[in-house]
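Working notes, beginning with the structure itself.
All figures in this text were calculated on a predicted structure; none of them were measured in a lab.
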Amino acid sequence: MSERLSCIDAGSEYCPCHLAETNDCLICSQLQGKSFCDCNWSGVCIYQNFYWCGNKKNDVRTVVEGKIIERKRVHEEIVVFKLAVTKTLARQLKQPGSYVFLRDPEKPYFFNVPMSIMDANENTGEIHIAAQIIGPKTKSLLECKDKILIKGPYWNGVLGIKNLKITKGENVLIAARGIALAPSVLAIKYLLKNDNKITFIMDPGKLGMVFVHDYIKDLKLKTIELNFKEEKGVKDFSNILKNGNYSLVYSAGSDRFHKRVEKAIDEMEENIKFVITNNSHMCCGEGVCGSCSHKTKGGNTVKMCKCQLDAKELLEGRKVNG
Ligand SMILES: Cc1cc2nc3c(=O)[nH]c(=O)nc-3n(C[C@H](O)[C@H](O)[C@H](O)COP(=O)(O)OP(=O)(O)OC[C@H]3O[C@@H](n4cnc5c(N)ncnc54)[C@H](O)[C@@H]3O)c2cc1C
Ligand code: FES
C-alpha cells in the first residue's frame with residue numbers, strides 16, 4: 001500500500017488487530033509484509049506492540065448484554081433506546097463518531113446492526129440510541145425484551161474526525177437531516193467543550209420530525225430548521241454559510257445530502273474543514289468482512305469501518321449525484 005492512510009483504531013487497545021495478523025494493516029509497512037519501516041504513525045509502534053503480544057492481535061471487542069432502561073417510540077419510525085452499560089464503555093462511546101452493533105439476543109450474529117451513539121453518560125453508565133425502523137435488522141430490535149446485545153466500542157462513524165478534534169474557539173456549522181440528527185449530538189457536545197460557537201441546521205427530512213430537542217435544549221447553540229430538498233432550503237443554507245465565517249462544517253445525512261453541503265462549501269472558495277458522517281455499509285466493524293470496502297483514488301481497496309478517508313475524496317469516489 002503506497003498511500004498514506006489513517007486508521008481509527010491505531011494506538012487504541014484494539015490495535016494491532018486481525019489485519020496485522022494477515023499482513024493487511026492500514027498503517028504499518030512491516031505488517032503489510034514489507035521488510036522495511038515506512039509509516040506516518042507517530043504513536044506507539046504498532047509492529048513492536050504486535051511483537052510484544054507474541055505476534056498476535058490485541059484484545060477484540062466483546063459482545064455484552066445491555067439492560068434496556070427505556071424504549072421510547074418518539075415517531076412511527078423511530079425508537080429511542082436508553083441502555084445500561086459499564087461506565088467504561090459509556091466513556092469510550094462519548095467520542096463523536098462512536099457507534100455500536102446492536103442485536104436481539106434471540107437472533108443470530110448476522111442481525112448485528114450498526115447504530116450511532118446519540119448520547120453517553122459515563123457517570124450513570126448509560127447510552128442513548130435513536131433507531132429508525134426500516135428492514136429486518138432494525139425491526140428485530142423491536143422484539144428485544146429487557147436485554148439487548150451490544151458490541152463495541154467503534155469509532156469510525158465520522159470521517160475527518162481529526163479536523164473536528166483540532167477545532168477550538170471557532171465558528172462551526174453543523175447540518176443534519178433525518179435520523180442523522182442523532183450522531184450530531186455527540187459532535188455538538190464535543191465542539192462546545194472546545195469553546196466553539198455552533199449553528200445547528202436541522203432538516204427534519206422524510207421523517208418530518210426533529211427528535212433531538214431534549215438532547216440539545218440546554219446547550220448553548222443557535223438552531224435553524226430548513227429543508228435541503230427544497231431550492232429555498234439550499235439557498236438559505238448557502239447564505240448562512242457565507243455570512244457566518246465558519247471554519248468547520250459537519251454534515252450528517254446521506255451521501256446525497258453531503259454532496260449538497262459540499263457544493264455550497266465549494267462555492268465559497270475558502271478553506272473550510274469538512275467533516276461527514278460515514279455512510280458505509282458495516283457488518284463486522286473489524287476490517288474483515290468487506291461490506292464497507294471502498295476503492296481509494298490511489299487504487300487501494302480500504303475498509304471504511306477502520307479507514308479515515310478525506311470526506312471530499314470519499315464522496316468523489318462514490319460518484320453521488322448532487
Ligand atoms: C456507522 C453507522 C451508524 C449508524 N447509525 C444509525 C443510527 O443511529 N440510527 C439508525 O436508525 N440507523 C443508523 N445507521 C444505519 C443502520 O445501520 C441501517 O439503517 C440498518 O443497518 C438497516 O438495516 P435493516 O435490516 O433494518 O434494513 P435494510 O432493509 O437491510 O436496509 C435499509 C437501508 O439501510 C442500509 N443498510 C443495510 N444494512 C446496513 C449496514 N449493515 N450498515 C449500514 N447501512 C445498512 C441499506 O443499504 C438500506 O439503505 C448507521 C449506520 C452506520 C454504518
Ligand atoms: S464492516 Fe466488515 S470490513 Fe468493514
Subject >> Test item: side-chain donor near acceptor, S291 and H281, under 3.5 Å >> reply: no

Subject >> Ion pair check, R4 and D38, cut-off under 4.0 Å >> reply: yes

Original post:
From D104 CG over to F111 CZ, what is the distance, rounded to the nearest 0.5 angstrom?
Top reply: 8.5 Å

**OP:** Flag the pair K94 and E122 as a salt bridge only when some basic side-chain nitrogen lies within less than 4.0 angstrom of an acidic carboxylate oxygen.
**Re:** yes

Subject >> Test log, rule salt bridge (charged side-chain N to carboxylate O under 4.0 Å, His left out), inputs K229 and D203 >> reply: CA-CA 9 Å; K229 276 279 162 82; D203 179 342; over 6 Å; no

Subject >> Presence of salt bridge, K232 and D236, under 4.0 angstrom >> reply: yes

**OP:** Indicate whether any N or O donor in one side chain lies under 3.5 Å from an N or O acceptor in the other, for S254 and R260.
**Re:** no

Original post:
Should the heavy atoms of other residues, nucleotides or ligands under 6.0 Å from NZ of K107 be counted, would the total exceed 12?
Top reply: yes

Original post:
Would you find a donor on one side and an acceptor on the other, under 3.5 Å apart, between the side chain of N58 and the backbone of C15?
Top reply: yes

Subject >> Separation of C144 SG from R103 CZ (nearest 0.5 Å) >> reply: 10.0 Å

**OP:** Please round to the nearest 0.5 Å and tell me the distance separating atom CG of L173 and atom CD1 of I240.
**Re:** 7.0 Å

Subject >> With D9, the salt bridge (charged side-chain N to carboxylate O under 4.0 Å, His left out) member among K57, K306, K303 >> reply: K306

